[in-house]
There are 2 protein chains.
Amino acid sequence: MKNPAPSPPPEKPARKGALRPALLAAARTLLDREGADAVTIRAVARACGVSHAAPANHFADRRSLLTALAAELFADLAETMENALAGAPQNPANKGFGTARLTAFGEALVAYGLAHPERYRLLWRRDLLDGEDAALQGTMDRLYARLLEELSALPLPAGKDPETAAVGLWSLCHGYISMRLDGNFIARRDKESGAPRHSAMIANYLAALAPQAHPA
Amino acid sequence: MKNPAPSPPPEKPARKGALRPALLAAARTLLDREGADAVTIRAVARACGVSHAAPANHFADRRSLLTALAAELFADLAETMENALAGAPQNPANKGFGTARLTAFGEALVAYGLAHPERYRLLWRRDLLDGEDAALQGTMDRLYARLLEELSALPLPAGKDPETAAVGLWSLCHGYISMRLDGNFIARRDKESGAPRHSAMIANYLAALAPQAHPA
DNA sequence: CAGATCTTATTGACACTGTCAATATATCTC
DNA sequence: GAGATATATTGACAGTGTCAATAAGATCTG
């Protein structure tokens, strides 16, 4: 049974302390394919070819495993959003009000949610996650701060609280994604603009922030 | 052991076919107190003082029980919303654009969500509910249709799709509630108007629908 | 190199869940 | 009352998270 050769036999578990990332990878696959319910400790262990209690050495409990996964996913989302912002034009320094960057922000958020339903859902499953987790909390806060930063860079008209505007944009996107993922709205196009409904929705919202609406 | 008296002994289960409503009532209590996770078939049975398999005669499975409960809750919500609309002023027939009724709609929705976290959450837990259920589906559709009806009664400016406006308002409220219930936003007041943030948010959104914004 | 220590994995158990099958007990109808 | 129907009980099974005891490997120490 014992292999005297010192070279690692090419088994499934890659020798070193590689079980933890393997568990997270398996969890991610399971999540995408069958949803958060299917991400059980035992199923993840099975997928990695280890015993049902092996994960306990890396994650105290199921909540801890899912929280670590969610932290990864949130980092992915944050990166996606950052890329979207990087690709958006800078605000015109003097020309006043540009909503291109906020549009990019909202569109990227909705796109991610619709593209990765189970991942997006998990991010907000507070019953499954440890809300106190520093990594998770930190990434979320940073993303929100990023939005607030973009909004504060704009010359909002008097009477508009930038924080209310930020909460509004986020709520709008989050609500739309949630409803769509729950099968409640249908992917349609705006009857007037012909754009996807969520795009028109975001555009309408952002136009309202501008000092003066410019009607067609 | 056998009681020859024909009068019903005053035990917990009220004699007749009263187990079904009793189960639903117990489920509601459990939901409010400990969340949807705690609403298990066995826990509900325990609360009613019956055996763990008794509920099977009234609900095929857990999903069926939760769906029936959610249908009740949705009906409650619909009634609350209807009352809110009934209390709102009629639209001025000639004076053009009145957002009072839409405001009432949004405010009532948010108020319900914040007041009954677990109930509101359950309504959208598609993983726990039977989305095909006619009663559930019907109540939801009617509520959305009601919103659309209110919106269609308004003279939206050219270039605004009423359905996009409806989806937007609903998304805004739903997203805000969801975030709040997940502990992500904090109850604050709008820095400018001094109103609760969600009120300012809704007001801003609705003002944007009007043909012409009237700055202060 | 040998021994001790720390990390990691395994096995087995417990309580809890949903769900099914077989059984018993009401209640209603004729 | 007798049969039929609706409802409740008991017991079992597989699945889950989690804990304790054990075993094996790696790593550090001398």
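Per chain, numbering begins at 1; letters A, B, ... match sequence-line order. Every heavy atom of this structure was used, including side-chain atoms; hydrogens, water molecules and symmetry mates were not. Note that the structure is a prediction, hence the values are computed from the model and not measured.
What separates CG of Asp37(B) from P of dG18(C) is a distance of 11 Å, to the nearest Å. For Leu23(A) and dG17(D), the CG to C1' distance is 15 Å, given to the nearest whole Å. Distance CG (Asn57(A)) to P (dA26(D)): 15 Å, rounded to an integer number of Å. Between Leu19(A) atom CG and dA24(D) atom C1' there is a gap of 15 Å when expressed in whole angstrom units. Going from atom CG of Leu128(B) over to atom C1' of dG18(C) covers 13 Å, rounded to whole Å. One interatomic measurement links the two molecules: CG of Asp127(B) to P of dG18(C), which rounds to 14 Å at whole-angstrom precision. Nucleotide dG18(C) holds its C1' atom 13 Å from the CZ atom of Arg46(B), rounded to whole Å. In this structure, Phe59(B) atom CZ and dA8(D) atom C1' are separated by 15 Å, rounded to whole Å.
Among Tyr112(B), Trp124(B), Tyr120(B), the one residue that satisfies the ring pair (Phe, Tyr, Trp, His ring centres under 6.0 Å) test with Phe74(B) is Trp124(B).
Each of Ala54(A) and Arg42(A) lies near DNA chain C, and the nucleotide nearest Ala54(A) is the one positioned closer to the 5' end. Looking at which nucleotide of DNA chain D each of Asp61(A) and Pro55(B) is closest to, the 5′-most match is held by Pro55(B).
The closest side-chain heavy-atom distance from Leu206(B) to Phe105(B) is not below 4.5 Å.
Distances shown here put a side-chain N or O of His58(A) below 4.0 Å from the OP1 or OP2 atom of dA9(C). Contact annotation: Arg20(B) does not reach the phosphate of dA6(D) (side-chain N/O to OP1 or OP2, under 4.0 Å). Checking the phosphate oxygens (OP1, OP2) of dA9(C), no side-chain nitrogen or oxygen of Ser51(A) falls inside 4.0 Å.
Side-chain N or O atoms of Arg63(A) include one that pairs as donor or acceptor with a backbone N or O of Leu129(A) at under 3.5 Å.
To the nearest 0.5 Å, the span separating CG on Leu122(B) from CZ on Arg28(B) amounts to 10.5 Å.
Between Tyr176(A) and His198(A), the ring planes lie tilted relative to each other; the angle falls in the 30° to 60° range.
Taking the side chain of Val50(A) as heavy atoms from C-beta on, and the options dT16(D), dT10(C), dT18(D), the nearest nucleotide is dT10(C). The side chain of His52(A) lies closest to dT11(C) when the candidates are dT11(C), dA8(D), dG17(D). Comparing dT10(D), dA20(D), dG17(D) by their closest approach to the side chain of Ala53(B) singles out dT10(D).
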